[in-house]
Amino acid sequence: MSDEVPQSEAAENPSHLEAARREKLRRVQELGHDPWGQRFDDQLPIGSVLKLQEQVYYENEAGEKTPLPEDREAYIAWRNENRRVELHGPKVRAAGRIVLERTKGKLIFLDIMDWTGKVQIFVGRKQVGEENWALAECMQLGDIVGVDGEFKLTNTGEPTIFAEKLHFLSKSLETPPDKYHGIHDPEIRQRRRYLDLIHTDGVMERFLRRSKIVQSIRQTLASESFVEVEGPTLHSIAGGAAARPFTTHHNALDMDLFLRIALELHLKRLLVGGIERVYELGRVYRNEGISPKHNPEFTMLEAYQAYGDYRSMMDLTEKIIVNALEATGQPLKVQYGEHEIDFTPPFERKTYDELFLEHTGVDPKDEAAVAKLAAEIGFDIKGRHPDVIKSDVFEEKVEDALEGPIFVMDYPASICPLTKRSQTEPEIAERFELFVKGMELANAYTELNDPDLQEQLFKTQLEGMSAEDSMAKMDNDFVTALRNAMPPAGGLGIGIDRLVMLLTNATSIREVILFPLLRHEA
RNA sequence: GAGGAUGUAGCUCAGUCGGUAGAGCAACGGACUUUUAAUCCGUAGGUCCAGGGUUCGAGUCCCUGCAUCCUCACCA
């Protein structure tokens with residue numbers, strides 16, 4: 001490196017904390033080591049290292065290999081009586097980030113952490129020699145280092161790798177957060193998720209668990225012969241749900257486009273095309289408010305099964321959730337905040353009307369009574385469709401009260417423009433929503449496959465409902481697809497982030513999304 | 001979009017009635033060969049979120065803006 005190499009602004013004008021770190025970096029280079037490290041083979045995950053503890057032994061007076069007292073107290077007592085006895089343990093190589101450092105004279109204790117665990121490293125000046133000692137003196141909190149050594153116990157019974165050779169793997173130029181308190185500022189936790197993953201207990205576990213849940217869902221669907229596909233995220237008509245879309249533009253085609261708000265309409269086209277069990281697990285985008293339960297981009301599962309109906313989707317929903325619990329090593333009754341959620345199947349199943357009556361005391365079929373109740377709550381009822389009014393009351397009085405898990409079945413048909421009507425009661429749509437802790441977790445229909453009715457419903461804008469609030473957006477291309485015969489089918493949507501919230505005991509959706517949307521930094 | 005809370009050293013936080021900016025951790029120098037949030041001695045580190053106002057004097061009081069969190073609204 002010559003002096004003419006341009007340096008970053010930070011390098012030219014470092015804080016005293018950074019200057020100290022750059023000085024250590026320089027000394028690592030002086031010692032002939034690469035501060036940014038090299039490929040490091042054959043290292044054992046720290047979690048696996050810790051499992052080797054039972055292999056630690058000593059030789060008794062007869063020269064026989066003897067295991068150590070298992071109990072830590074007993075070991076310490078034994079050790080105090082037998083300080084001179086040499087311990088033997090397996091040779092290991094490990095790598096990780098330094099999260100704690102204690103120096104004691106010519107000793108350095110480092111705690112290094114990888115994504116499987118944390119282990120202590122003992123560096124004794126006499127034991128490792130001057131070269132390694134000099135390198136160890138350059139190691140700071142936040143640096144990533146490797147070690148070769150013998151895995152055994154200290155006098156206090158701490159499982160420890162006794163360093164024989166040290167490796168510098170990557171230098172941190174930034175000072176890590178408080179080693180005891182970590183990061184409390186939720187803004188830093190979200191903007192700099194890497195620090196959160198390192199320093200906040202449970203964060204790594206939660207995101208690894210999210211991955212396991214998603215993996216399990218794919219397995220469950222595969223075992224039911226569903227095929228995963230990828231539909232377009234750029235739509236010319238943002239249909240399939242009631243939400244405001246994000247808008248964007250394609251320059252070469254000079255074409256306004258929307259980011260998808262649902263997966264539905266393209267998956268149903270594939271049902272027409274003969275992919276009889278099809279699903280997509282992907283991101284959708286809704287230009288709506290942000291809350292502990294809402295992020296502008298979130299992950300959705302939608303699955304469609306030819307020749308099924310909404311009842312088939314209830315069974316599938318239960319399977320997906322129960323398997324996800326099993327895959328993450330959880331019981332069917334999970335703790336969520338102060339409460340317990342019992343996911344033991346079958347989940348409770350009740351109709352919309354039953355629940356309406358139960359929670360309001362008003363007969364849902366009595367339009368006048370429902371309207372009166374809505375007016376009492378404070379809803380504007382003028383010029384609005386009776387079912388829209390009923391739906392408002394339902395959301396206000398019933399949904400939040402549903403502890404669940406409960407399948408709410410049979411919605412008013414007029415608010416479900418993509419759903420097949422009940423054969424016996426045409427004013428009822430074969431639709432369910434799964435509620436848990438007042439949160440809508442899943443939504444499913446017997447899919448409407450009558451192209452004429454679909455076209456008619458797309459045209460019908462319910463009174464008092466804005467275009468954005470309506471799921472009914474004319475999509476001629478989709479209607480044309482239906483004209484080619486879509487098999488009768490069940491369809492299911494599950495909000496993956498919310499499922500992960502429930503299965504990882506998170507109260508905010510931002511705790512289960514790695515990089516939630518934030519405004520520009522102040 | 002509305003209301004409330006918060007914003008001080010790299011991190012976690014104090015800061016009284018408006019009167020020269022504080023601690024712990026981290027950093028730097030030193031002591032210590034089985035420590036573990038190690039300990040002890042010493043040193044350094046600040047655009048008090050930003051801008052304006054009141055005042056002899058503002059981290060503190062007032063106004064505006066920005067960001068985060070919470071509640072509500074919209075939504076899944």
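Keep in mind that what you see is a predicted model, and the values were worked out from it rather than measured.
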In whole Å, what separates the [atom1] atom of [N] from that of [M]?
| N | M | atom1 | result |
| --- | --- | --- | --- |
| U16(B) | C61(B) | C1' | 15 Å |
| A58(B) | G65(B) | P | 24 Å |
| G22(B) | C48(B) | P | 14 Å |

Just wondering, are more than 12 heavy atoms of other shown residues or ligands nearer than 6.0 Å to CD in Glu23(A)? yes

Base, sugar-phosphate alone, or nothing: which one does [X] contact when heavy atoms must sit under 4.0 Å apart?
| X | result |
| --- | --- |
| Asn295(A) | base |
| Gly493(A) | nothing |
| Asp185(A) | sugar-phosphate |
| Arg72(A) | base |
| Gly495(A) | nothing |
| Ile188(A) | sugar-phosphate |
| Leu518(A) | sugar-phosphate |
| Gln127(A) | base |
| Ile121(A) | nothing |
| His199(A) | nothing |

Would you kindly give the CD1-to-C1' distance between Ile509(A) and C70(B), to the nearest whole Å?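 Whole-Å distance recorded here is 17 Å.
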
Under 3.5 Å, is there an N or O donor on one side and an acceptor on the other linking the side chain of [X] and the base of [N]?
| X | N | value |
| --- | --- | --- |
| Thr156(A) | U34(B) | no |
| Glu158(A) | U34(B) | no |
| Asp178(A) | G24(B) | yes |

Looking at Tyr304(A), does the NZ or CZ of Lys268(A) lie under 6.0 angstrom from its six-membered ring centre and within 45 degrees of the ring axis?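 The answer is no, since Lys268(A) fails at least one limit relative to Tyr304(A).
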
Under 6.0 Å between the ring centres of Phe258(A) and Phe246(A)?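 No: the rings miss the under 6.0 Å criterion.
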
Backbone of Phe109(A) reached by a side-chain donor or acceptor of Arg102(A) within 3.5 Å: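 Absent.
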
Residue-phosphate contact under 4.0 Å: [X] side-chain N/O, [N] OP1/OP2:
| X | N | answer |
| --- | --- | --- |
| His184(A) | C13(B) | yes |
| Arg102(A) | U35(B) | no |
| Arg189(A) | C69(B) | no |
| Gln140(A) | C28(B) | yes |
| Lys293(A) | C74(B) | no |

